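Just so we're clear, the structure is a prediction, and the values are computed from it rather than from any experiment. In the text below, chain A, chain B and the rest are named by the order of the sequence lines, each starting its count at 1.
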Amino acid sequence: MASHDDKGVKRSNMDGNDQDSKRIKRAENGDAAPEKYNPYLAHLNEDGNGNGTNGDFESPLDAFERHKTTAAQAAQAEDSELNPWTGQPHSQRYFDILKVRRDLPVHKQRQEFLDMYHNTQILVFVGETGSGKTTQIPQYVLYDELPHTNGKLIACTQPRRVAAMSVAQRVANELDVELGQEVGYSIRFENRTGPKTMLKYMTDGQLLRESMHDHDMSRYSCIILDEAHERTLATDILMALLKQIAARRSDLKIIVMSATLDAQKFQSYFYNAPLLAVPGRTHPVEIFYTPEPERDYLEAAVRTVLQIHATEPEGDILLFLTGEEEIEDACRRISLEVDDMIRESDAGPMKVYPLYGTLPPAHQQRIFEKAPEPLRKGGRPGRKVIVSTNIAETSLTIDGIVYVVDPGFSKQKIYNPRSRVESLLVSPISKASAQQRAGRAGRTRPGKCFRLYTEKAFKKELIEQTYPEILRSNLANTVLELKKLGVEDLVHFDLMDPPAPETMMRALEELNYLACLDDDGELTRLGGLASEFPLDPALAVMLISSPEFYCSNEILSIVSLLSVPSIWVRPNNARKRADEMKMQFAHPDGDHLTLLNAYHAFKGAETNGDDMKRWCHEHFLSYRHLSSADNVRAQLKRIMETHDISLVSTPFQDKNYYTNIRRALLAGFFMQVAMRESSNSKVYKTVKDDQLVMIHPSTSVTSPYDWVVYNEFVLTTKQYVRTVTNIRPEWLLEIAPVYYDLDTFEKGEIKSALTRITDKVKRRQAIKGSGSAR
DNA sequence: GAGCACTGC
């Protein structure tokens, strides 16, 4: 409804004067009645025209005054026999949970919280793990915002979907309501909220998406940003936006919730907002450092795990490593050594579990199995060890961990704006990360953390905080979003950590080439359309342009496949068979086309009624990722339909079926093109930035052309381009004439090659022109 | 002839 041009217009009337008047009326009622805090007399003050809670019943809430709730008052309402929000009798489970809730550290400070909340627009809340902040604070707000009186919602954002879903479920139980009614959640692909919803958990990215169509976030009376210390891209942008919105909307309250470390940074960023700190509930963790730096951290890690097993009392171990390969390797080594230990020194049994994101969920679940029993009655106790990436640092909590082994490294995304390459690099972790890792040992009882670096290194070499994502990313997508969000002046957009000017410039340049921004940096129609899609700008532009190439159905499929993790499965023990299977789908001219073939085969088998899990397994394809591509496709298709982007195909028998698709790829990816150094060479040079690259060995392109378009640049042992498709250079000049304006090219092989091609095309056109009647 | 930290729309 609101295009980005009419921002600010709708505000005055949408906020609702009648809601204000209602609020005032209620305040008068309350003030007039001396019994205003007695919920049981509340109905005597009612004017009888149903401005009460959701149903027609007497609720203790009727005596509440917005932004004046006290902890005692709220507690009394919570103790009522009837649910104050629904009028239904409270269940026994409700009262059981209530007892547990009142035991949480945060409960003691409910009044203190409310006092602060009443007196400020923005509040910084610091609570360590186990404080109960994520579940309780939104409920404290609920009892103070009284959403039923003004129809506005309370939002609580989470960086991850699972968290949004599980916390919403928990809070629905705590409030004794059905999930999706008074309490709901909203994540990509799933909106479980309804007309009654008052409290909504959501991912930070989802709130950002929403705000693209509601620049003032006018649906909400309070927005709680949880886990703000994680500094996701979405949280950083939301913080800056909310800072702006707060100035326009005095009725909007904001709570920023974070773990301890950088609370002051949040405070000073939000105009010295007041701070409330609540202690957590964890057990002490003893920290050990190595006296000398370790040369080989993998070896040291394996050794430490075995030593714990040999000498420390019962309790499970968590070892942090950086990636799949390293983890599988460590698991093998630990298992072998433990077998020796059992034979030689009667050690207890030990089960080793790998844990990383690309592991299928069923395998991930295994980490929750119990530690093994002693090998014989009265024998040494069994133990489990989990060897994990950073996923166990934030996303997954495992109870029962007593020992943590921390070599001090993780893979981190790095962005180099000069070469425009994002890559993963094994880097030292931050102090905050190290602390978080250590904390994983103290969730159920006192624990120990073995850091495989010296205390001096911890103090002197580790940075305080991991750099926020916004400083480590290509910002093309972000800049497009900001433009759509109505942020006019990017340079003065008040981000907590402003990215390097060069990164901004690169993003603007990229968007300008993609015609999403005009030369003045204004959003174009294409740019506005592109921002509607949850895609990187190049993919969005490719999708929007695809009808011009008569293949939007196919490009839609390809874009979806490129938006999910790889659909190819290649188990270590069946690589050859997996590769052979992949060859069945291979298209000699391009990996994009191979992906499409696999997808079409998948959909064909589905129509046949095959058992798809089995079919995928047999064809070494990932059922999970193909299904999620299907999901993405449906979402993108809906967006295309709402914006009248037509879905068309070239008939499959037409000889141009694949050519059209290959040409359409260039509409978005004309900047990701490489030219072969010389014929028969394996080395390519990327256009304009002259990087030397090789085609990734996973390719299905059998006879590479001199020119290829690629989906991504990966920097591993070598510089590779991955997912490549053969193209003809004359297409470049035709499809992206601005970017391929030869005057803008540095002198070199690429420029001369393109010049030759331009001349050839001109000659050919001249002949055609003179030869045909047209 | 390699690899894929994690997350999100």
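Considering only side-chain N and O atoms, A:R722 lies under 4.0 angstrom from the phosphate OP1 or OP2 of B:dC4.
For residues 352-363 of chain A, the set of pairs meeting the salt bridge (charged side-chain N to carboxylate O under 4.0 Å, His left out) definition, not counting sequence neighbours, is empty. Pairs of residues two or more places apart, or lying in two chains, that qualify as salt bridge (charged side-chain N to carboxylate O under 4.0 Å, His left out) and include a residue from residues 561-573 of chain A are A:R570-A:D579.
When heavy atoms are screened at a 4.0 angstrom cut-off, A:K718 is found touching the sugar-phosphate backbone but no base atom. Using a 4.0 Å heavy-atom cutoff across all strands shown, A:T203 reaches sugar-phosphate atoms only and no base atom. Nucleic acid contact class of A:F533 (heavy atoms, under 4.0 Å, all strands): none. Using a 4.0 Å heavy-atom criterion, one finds that A:T232 contacts no nucleic acid atom at all. Using a 4.0 Å heavy-atom cutoff across all strands shown, A:R160 reaches sugar-phosphate atoms only and no base atom. Counting non-hydrogen atoms under 4.0 angstrom, A:R231 reaches nothing in the nucleic acid. No contact: A:L208 has no heavy atom under 4.0 Å from any strand. Contacts of A:E324 with the nucleic acid, taken as non-hydrogen atoms under 4.0 Å apart, include base atoms.
Of the candidates B:dC9, B:dG1, B:dC4, the closest approach to any side-chain atom of A:R209 belongs to B:dC9. Counting only heavy atoms from C-beta on, A:K411 has its side chain closest to B:dA5 among B:dT7, B:dA5, B:dA2. Picking from B:dA5, B:dG1, B:dT7 the nucleotide with the shortest atom distance to the side chain of A:K682 gives B:dG1. Side-chain atoms of A:P697 lie closest to B:dA2 of the nucleotides B:dC4, B:dT7, B:dA2. Between B:dG1, B:dC9, B:dA5, one nucleotide has an atom nearer to the side chain of A:R570 than all others, and that is B:dG1. The side chain of A:S566 sits closest to B:dC4 out of B:dA2, B:dC4, B:dG8. Comparing B:dG1, B:dG8, B:dC4 by their nearest atom to the side chain of A:L424 picks out B:dC4.
Put simply, CD1 on A:I237 is 14 Å from C1' on B:dT7, counting in whole angstrom units. A:L225 places its CG atom 17 Å from the P atom of B:dG8, with the value rounded to the nearest Å. A:E326 places its CD atom 9 Å from the P atom of B:dA5, with the value rounded to the nearest Å. Here B:dG8 presents its P atom at 8 Å from CD1 of A:I187, a figure rounded to the nearest Å. For the pair A:I470 CD1 and B:dG8 C1', the interatomic distance rounds to 14 Å; values are reported in whole Å. Rounded to an integer number of Å, the gap from A:E230 CD to B:dG8 C1' is 12 Å. Rounded to whole angstrom, the span from the CZ atom of A:F189 across to the P atom of B:dC9 amounts to 8 Å. The OH-P distance, from A:Y201 to B:dG8, rounds to 18 Å in whole Å.
Salt-bridge formation is detected for the pair A:K484/A:E532: a Lys NZ or Arg NE/NH1/NH2 atom is positioned less than 4.0 Å from an Asp or Glu carboxylate oxygen. Comment: A:D406 does not engage A:R440 in a salt bridge, judged by the lack of any side-chain N to carboxylate O separation of less than 4.0 angstrom. Between A:R160 and A:E230, at least one side-chain nitrogen of the basic residue sits less than 4.0 Å from a carboxylate oxygen of the acidic one, meeting the salt-bridge criterion.
Where A:G205 and A:W568 each meet DNA chain B at their nearest nucleotide, the meeting point lying more 5' is that of A:W568. The 5' end of DNA chain B is approached more closely, in terms of each residue's nearest nucleotide, by A:M694 than by the other of A:M694 and A:P534.
Judged purely by distance below 3.5 Å, without hydrogens or angles, the side chains of A:R231 and A:Q465 never pair a donor atom with an acceptor atom.
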